[in-house]
Amino acid sequence: MTVVAEIRKLRVETGGRAIVDGVDVRLVAGRITALVGASGSGKTTTGLALLGAYPAGARVSGEVRTVDGLVGYVPQHPGAVLNPARRAGALLHDIARVQTRAMPRAERRAAARERVLHALSLAQLPDGETLLRRYPHQLSGGQQQRLVLAQALLVGARVVVADEPTTGQDALTKRRVVDQLAEVARQGIAVLLLSHDLDVVQALADEVLVMRDGNVVESGPADRLWHAPRHPWTRELLATPPASAGPAPAEGAGPVLQVRDLTARHGGTVVLRADVLSLGAGGCLAVVGRSGSGKTTLARCLAGLHRDHDGDVLLDGVPLPRSLRARSRGQLASVQYVFQDARAAFDEHRPVVDQVARTAVRLRGVAPDRARAEALDALAGLGLTGEPVRRGPDELSGGELQRAALARAVLARPQVLVCDEITSGLDTVTRRSLLDVLAALRRTRPDMGLILITHDLDVAALATHVVVLDGGELVEQGPTREVLSRPRHPFTVSLTETSALLTARARV
Amino acid sequence: MRSRAALGVLVMGVPLALALLGPLFAGEPGPRAASFTLGNGHWLGTDFTGRDVGREILLGGRSVVLVALAATLLAYVVALPLGLIGALTHRTWLEELLMRPLDVLLAVPSLLMILLVASVLTPDATGLALLVALVNIPDAARIVRAAAAEAASRPAVEALRMQGETWWRMAVGYVGRSVARTLAADAGVRLTGVLYLVATAAFLGVGVAPDASDWAVMVDRNRTGLFVQPWAVVVPALLIVALTMGGNLLFDALLEKRRRV
Amino acid sequence: MSGVRSWVVRRLLLGLGQTAAVVLLVFALTEALPGDAAVVLAGDQPDPDRIAAIREAMELDRPAHERLLDWAAGLLHGDFGTSLVSDRPVSTYLADGFGPTLLLAGLTVALLVPTGVGLGVLAARHEGRFVDRLVSSTTLGVYAVPEFAFGVLLITVFALRLGWLPPTAVGYGTDLLGHPAALVLPVVVLLSRPVCSLARLVRAGMIDALDSPYVAHARRYGLSGVRLRYAHALPNAVAPAAQQLARTIDWLLGGVIVVEALFVIPGLGTVLINAVAERDVPVVQGLAVVFGLSTVVLNLGADLVTHRLTPRAGVAA
Amino acid sequence: TGGSASSEAAAEEDGKPRRGGRLRAAFAGGGAGETLDPHLSSLFSDVARAKALFDKLADYGPDLSAQPRLAASWESDAGLKRWTVTLREAEFHDGRPVTAEDVLYSYRRIADPEQAFRAKASLEPIDLEASRALDARTVEFVLKRPTAEFPNVLAAFGAYIVPEGPQDFDTKPVGSGPFRFISFAPGRSAVFARNDAYWEGAPHLDELEIVVANEESARINALLGGQVEYAHELNPTTARAHEGKGRIEIVRLRNSAMQAFVMKTDRPPFDDQRVREAFFLIADRRELVDGALSGAGEVGNDLFGKGYEYYAADLPQREQDLDRARALLKEAGAENLKVTLDTSPVASGFTEAATIFRDQAAEAGVTITVKTGSKDSYWKDILDSGTFASYRSGAMPIEAHISQRLLTDSTTNATKWQHEDFDALYRQAQSTQDKEERAAVYARMQRRLHAEGGFLIWGFGDWIIGTARTVRGVASKAPANSLDWARFDKVWLA
Ligand SMILES: Nc1ncnc2c1ncn2[C@@H]1O[C@H](COP(=O)(O)OP(=O)(O)OP(=O)(O)O)[C@@H](O)[C@H]1O
Ligand SMILES: Nc1ncnc2c1ncn2[C@@H]1O[C@H](COP(=O)(O)OP(=O)(O)OP(=O)(O)O)[C@@H](O)[C@H]1O
Ligand SMILES: [Mg+2]
Ligand SMILES: [Mg+2]
């Protein structure tokens, strides 16, 4: 048990507020320590402290000690630390050059290459040489992540901080990330895992610290914490999501929305093909699939945001114009879309409630005052009350904004509501409350069709029907229970198996 | 950064105040003296036609400032809708129709353009402002379009579309507002460029009346007396430099603020 | 890469169109100028008979579009036509003026990049400190001074007062390389504004880049300061500056006109000013072709550099 | 009898001439379109170059009277219609003698109806068909009408003698002038070398280079920086800055440039003689000279050619008299007169003078709007259109001024001064052999112009030249365009 890094009594204060207060972390070689907690609880701040990085102007007290100062860092968005103007291999080569500086000139090149390749293979990028010649944006998210990991390994870091490595990733990718981190730990490197994905934490962590509002409320070995959480907050965080599939399918009338022979393209390449797809009134359709399988594209075709497609989208049997611009107000109101990134979908300069109210004004012709009252009602119905909604979006948290976005769409009284991954990137507690809101919505608007895009099988379980996309092809569809319990397509099989595996591993 | 902005305001304030208030204090013209002389009640000496430099300075800011500001403003008045429409439209032909002619203008050296157009039309101050604005439109429109295209591709605009918002509210209310900072920064540089163009045009014998009470014209016209009576050149030149420097300091500070956000 | 190639081809075609449009525009403008070459030649002896005779000798009585078409047809064979005023081929005008202007512009651009980038990086390294203040305020100040004023100042100080450098290039003709001292001041004047704007852009870009997570990341992994600055931060700072560099051709041309007049350098700027003054339309058109083409090529180059340095942003023609 | 008194006087002042050296002279030029064809001369730089390589039969002395050059002498018959000119012994640079045939060839070339050489109008009185060579060195010119001032024609601007036969002027010009050709780069420089065989004696300089520098600042800078020894056409302010400072010499050529306003006498408001007189009286000539010419000049008296031969110097100098001007305007019913004054930056001092006069007129209740026109077509624009415009003229004999600008059929009659009786007076002068009598006729004409002409001539500007301190022999009594102006064969470097 060699302690390779230690944080003691860390307190970080910005603008008079302690964002991290009295945190102690000990990282041991070869072991994985996880920090869990709600969004904004101070996980990233703690992790960055190990790198000696603090928010600008922060007052820091406490002690941070690492063995040799070399700490690898795999941020949540690895793209951010990859230089967009340089090829992927640039930093790796530079690091290797520094290391081989002492060698005779003739041997340097070969030695540097050797080291880079070794680090790539450790990071499970065996065919890395071709990747090195690409630019970061030409790599997938998973490859970017492994590349950054390879950099950390090449430096010879004894500690690696991995910040939210699985957020927004599908189950298969998640599994690969888990494997990678396990491999890293096996090489004797201490890993600090910052995550709110409890499956991943459960599968990997040896030690878990639970944070809340900058404090560690509970810590201990993973097993103990999982089986006997002491702090109520930990219990709340770890509570398993409701397994209910929502209200019974109330499909009475015919389909509200139908898709026929849809082929969507991005600049010439076909990224989605869907021959038939239909959503009944009051039905709930889950669209699942790996990252990049075309889920968002499908949703955007329905919403009229993606014009580059053939085939028809029919609303009550009438084809919808391809482009949003050509749709009538009634048509706009009928199909509403909730964006994946709620913050980006709001105008940062105007109060949230005003923006929500505009839906009623523009799409239903409600007078501004009435619309505002309706908007406040709708927001309150989603648990958003008080001052914050009267201010700009930056004063709301991600989860709150997600609900406001939902309210904005709902105010149009749509026949079809499309929600694109509205729960990813949220901690379990927030996520649960949002799913509850959706379930309540379905109860109050029984005629509304709902489309949930997700790669989270737990969320998919809420739906009455499931559509599985793979590589832009619609590979399987049917009632939820059927598809998830008896998957036929190999991809669906692997998807359900992987989820099961992660859960199983966590149970070990 | 605040100090920088304050410095900018200060440095810009002197010429601006002189330009706007100067004419009120200028008073009646005295009799002409011999050109380029010092003393005899002329604090800053006389200029190339024997007028009092001090009075000319009081009078000469308004046109510079107005021409430069008007030209800059005008360039944006045209460039803004062009750029916004170019960025917001999904009709490629419309975008091409709007942007390609600007590319052609961009390929004409601006001084050549000014020289030619000015000698065809022999413009007055308004004409000069129009001309300088014209030369600045292509570049400004490109910048607006680039900045606006980024803003227009944000989900927020799609959300507005989803809500059936008016074009006006999207283009001006959201996209226009989002690019305002970038444009403010660009405007600082452009203002300098415009002042420079006006002054250089005067150097090449184009534009405002040759004896106009105008700082840029003064710098050029009194150049011959630089060694005999430097004030007639140095003071207006310093005022112009202060104007552009102050403007840039101010816009720099704005830019800085944006970066920090 | 084939995407890039087809893009370049499309850009070049567009550039040809642009150049043609420039020529048309310039032709139209020169035609619209008050008075024609005959009137200008007649000067303060505007004897109507004589003007009519000159007009006939210059074939100015032919319709404008015919003259333009003839000229354009000649251009296809690489023939720029002949000057109205001297009857000498326009190509000799271009060839004679090209050397000095190219030398000036080339030297300026060659010095512009290292100086501008160097100053920008220097200021960015010392952001907010004395060196930065010095560089920032100097560049700001010089940027605000028009070339002719700056030129007059430099000549007064360095040539007339101190006598270190020749005040003009009078009498050196096109052999400027033989008199390098005479090139110093013109190049400095030409450099003044582009260097300032470039330095300011590079500074802003460098500060952003040095602040960026990827540079912090590279620093964390022990890269040397020099490598960090020049190999990792700079490429990102240079992309917006490259666009500015393309605009520099426009400035250079304006600057060249002023500098050539100030220092008596017989280059294209002088040829242009004289040709416009003499209404020597074929010469003006020939110059418009040269300037249009160089603008197009430089813009293309800048776009290529930008494309290379910001690979993420799709190239848009 | 060659040479002129003034240059010899200058030579005495400056000590004994020294032979050798190279003089570089900077002129404003005409760009890459320049040529060495002397008949195409139009700018000062053209004339300076033509003068170095070629000769005219006669040229203007300091008072703009014709002085014999290649012509050794001339005499006319009683009717003043047949002139016999005897050439002096001179040879071209290629060794051929200058003959009567060369003279006729040159004049016929200039008069070629296909061409538009500038001197064509000046040679118009000659009937070249009838004129002939009496022998190798005698030409008999037959004129279309009596012309007492015929020698002025021989001295006309651009009437240079070139050897017979076509030649390529830009690469190998051959003339009879004091310098031989070495090289020429249009718009940049022309290099010449001493012609040892020059008929008037070889120049002192070994070489002469005429360089082109269009910006005045560039010319003075080059002079100060030692890059040239002679800078032509400097600003009065520049002159003031350097005069007497010991660094360079400033030479002022008096009476070189007439400065005026033209009033179109054929249209309102200037068709009323009282309005014209009122305008004469509005001008404060001193203020105009001080303001527009920076004091570098003399006031004018509404007559051309101050100090020239036949100038009516006895007429009283006109002074500003606003009361009388107002009274005259009132009389003419032209109170609150509004006039547009056309001007252009085509010549230095124009726009300054225009605004100064505007202010002066305002005091007499006349509103003048100054309209700045295009530089390049200015002269043509004001010839027929407008009513009131800035004007200037270089030096020329008073006779030429009258014949070119003040006769009914003059081609550049900008004042639209068209009076039969005035034309008759001119014809009378031209048929008067006796100089005294002729002078009396000129005096009558000038009295009339002074009283009611269309030229408001307010001043005469100096032509300013800067030279290095080593330069000697530069004539100072030589209005621009006269013989001793830009004459480099008499100059030497001390
Ligand atoms: N640069 C900063 N300046 C001021 N406050 C900051 C800064 N960075 C983070 N904070 C605040 O500190 C708190 C903790 O942030 P931190 O990023 O550590 O949370 P986290 O647990 O990583 O959350 P998440 O799960 O959303 O990533 C938050 O309330 C955040 O608003
Ligand atoms: N703007 C674009 N240009 C080109 N290709 C695109 C673009 N947007 C998406 N694609 C491609 O289209 C395919 C489908 O993308 P889409 O966004 O629909 O995937 P997704 O299923 O929503 O993935 P995720 O779970 O990561 O959100 C992907 O292969 C992606 O690379
Ligand atoms: Mg975090
Ligand atoms: Mg998606």
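Per chain, numbering begins at 1; letters A, B, ... match sequence-line order. Predicted model only: the values in this text are computed from it and were never measured.
Without hydrogens or angle criteria, C:Arg227 side chain to A:Asp94 main chain gives no donor-acceptor distance under 3.5 Å. Without hydrogens or angle criteria, A:Asn83 side chain to C:Tyr214 main chain gives no donor-acceptor distance under 3.5 Å.
For residues 183-199 of chain C, there are no side chain to side chain donor-acceptor pair (under 3.5 Å) pairs, not counting sequence neighbours.
Between A:Val148 and C:His217 there is a side-chain heavy-atom pair separated by less than 4.5 Å.
Between A:Arg86 and C:Pro235, the shortest heavy-atom contact is CD-CG, 3.9 Å. Closest approach of A:Leu91 to C:Ala218, counting heavy atoms only: CD1-CB, 3.6 Å. Of all non-hydrogen atoms in A:Gly72 and C:Tyr221, the two that sit nearest each other are CA-OH, 3.3 Å.
Looking at A:Ile95, both its backbone and its side chain come within 4.5 Å of chain C, counting heavy atoms on both sides. In this structure, chain A has heavy atoms under 4.5 Å from both the backbone and the side chain of C:Ala231. Of the two parts of A:Ala157, neither the backbone nor the side chain holds a non-hydrogen atom closer than 4.5 Å to a non-hydrogen atom of chain C.
If you take CZ on C:Arg220 and OH on A:Tyr73, they are separated by 7.0 Å, rounding to the nearest 0.5 Å.
The number of heavy-atom neighbours closer than 6.0 Å to NE2 of A:His118, taken from other residues, nucleotides and ligands shown, is 12 or below. Counting heavy-atom neighbours within 6.0 Å of A:Glu114 CD, excluding the residue itself, gives a total of 12 or less. Atom CZ of A:Arg113 has 12 or fewer neighbouring heavy atoms from other residues, nucleotides or ligands inside a 6.0 Å radius. Under a cut-off of 6.0 angstrom, the local environment of CZ in A:Arg158 is sparse, with at most 12 non-hydrogen atoms contributed by other residues, nucleotides or ligands. Other residues, nucleotides and ligands place no more than 12 heavy atoms under 6.0 Å from the CZ atom of A:Arg59.
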